[in-house]
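Only a predicted model underlies this, so the values are computations on that prediction, with no experimental measurement involved.
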Amino acid sequence: MTRVLDTLRRLWDIWLPSVTGLTVAALAAWVSLMPSLLPRAWHYQGIVTGVSMFVGYGVGVALRTLWRKFVAPQIKLHPDLDALGNKLLLFARLSAPYVLVVYLITATATAIRWQDQVSDLVESARPPWADYMRIPWIALAIFIGLLVAARGLRRLYQLFVRVVSRKFKLGRTPPV
């Protein structure tokens with residue numbers, strides 16, 4: 001049992017999701033679930049939501065990176081306040097993925113009601129709720145798949161740079 005927990009902890013430490021990225025991904029999912037005048041099929045909506053979450057996660061990570069690089073160094077906090085902030089960030093980092101899943105399911109339920117209203121307005125048949133409750137699972141699968149692929153490409157790029165640097169004996173250039 002401890003081997004399984006150690007393995008899960010190691011995988012979690014490798015993935016380390018960005019809280020800012022997950023928050024912006026949730027907002028992007030919410031926007032993608034807003035109805036359009038043409039009701040979308042559930043599988044198409046799942047793909048759109050998953051891709052929107054991936055783009056939102058990337059925007060959130062970029063915003064966090066800009067914050068850490070330019071704004072955070074300008075802010076000086078008391079050590080006790082800094083320690084409290086780190087504890088809260090750890091809690092948010094551990095709970096954010098679960099909150100995202102629950103949020104996605106509840107947002108999908110709201111979106112289904114919106115789509116039903118749109119279907120009534122354009123006088124088309126209402127889609128079955130059971131089909132639409134597959135949206136969050138498709139969206140999560142697409143989001144995680146794209147995230148794993150992007151992180152894999154980043155690792156391959158880092159490996160490529162390391163190999164080329166060693167092969168051609170390139171070092172880091174000093175800042176100008």
Side-chain angles (χ1 to χ4, degrees), residues 1-35 40 42-115 129-158:
M1 183 66 163
T2 57
R3 270 183 43 189
V4 171
L5 291 175
D6 289 341
T7 303
L8 288 174
R9 171 67 67 174
R10 204 166 355 115
L11 288 173
W12 184 260
D13 289 341
I14 290 171
W15 189 51
L16 269 181
S18 163
V19 175
T20 310
L22 290 176
T23 303
V24 178
L27 291 173
W30 176 68
V31 169
S32 76
L33 288 169
M34 288 187 174
R40 300 179 198 124
W42 61 270
H43 47 82
Y44 177 69
Q45 182 64 55
I47 293 169
V48 167
T49 302
V51 171
S52 297
M53 287 173 65
F54 176 70
V55 170
Y57 185 85
V59 168
V61 169
L63 288 173
R64 183 201 64 195
T65 303
L66 290 172
W67 174 270
R68 283 188 176 171
K69 186 165 180 77
F70 297 113
V71 179
Q74 306 295 324
I75 300 172
K76 302 296 180 213
L77 296 176
H78 188 273
D80 293 338
L81 191 58
D82 195 35
L84 176 65
N86 288 336
K87 287 180 183 177
L88 288 173
L89 186 60
L90 177 65
F91 172 76
R93 185 173 285 135
L94 293 174
S95 64
Y98 305 108
V99 171
L100 176 67
V101 170
V102 171
Y103 169 78
L104 191 57
I105 292 169
T106 56
T108 301
T110 303
I112 292 170
R113 283 187 294 208
W114 287 341
Q115 286 291 56
W129 271 61
D131 287 348
Y132 272 89
M133 286 314 291
R134 296 178 189 160
I135 291 172
W137 309 113
I138 292 173
L140 284 171
I142 297 287
F143 170 65
I144 291 170
L146 289 173
L147 189 60
V148 167
R151 287 184 175 202
L153 284 174
R154 183 177 69 184
R155 296 267 190 225
L156 282 174
Y157 172 75
Q158 290 169 345

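Separating the CD1 atom in Ile135 from the CG atom in Leu33 is a distance of 6.5 Å, to the nearest 0.5 Å. Atom CG of Leu66 is separated from atom OG1 of Thr20 by 11.5 Å, given to the nearest 0.5 angstrom. Atom OH in Tyr132 sits 8.0 Å away from atom CD1 in Ile112 (nearest 0.5 Å). The CD1 atom of Ile142 lies 11.0 Å from the CE atom of Met53; values are rounded to the nearest 0.5 Å. Taking CG from Leu84 and CG from Leu77, the interatomic distance works out to 10.5 Å, rounded to the nearest 0.5 Å.
Applying the side chain to side chain contact (heavy atoms under 4.5 Å, CB included) criterion to Val101, with sequence neighbours excluded, gives Ile105, Trp137, Leu140.
Residues in residues 44-69 take part in these side-chain hydrogen bond (donor to acceptor under 3.5 Å, both in side chains) pairs, two or more places apart or across chains: Ser18-Arg64, Ser32-Thr49, Arg40-Gln45, Gln45-Thr49, Tyr57-Arg151.
When all heavy atoms are compared, the tightest approach of His43 to Ile138 is CA-CD1, 4.2 Å. The two residues Leu104 and Pro136 make their nearest non-hydrogen contact at CD2-O, 3.6 Å. Across all their heavy atoms, Pro17 and Leu22 have their closest contact at CB-CD1, 3.7 Å. Trp42 approaches Arg134 most closely through the heavy-atom pair CZ2-NH1, 3.3 Å.
Enclosure of atom CH2 in Trp30 is not indicated, since only 12 or fewer non-hydrogen atoms of other residues, nucleotides or ligands lie within 6.0 angstrom.
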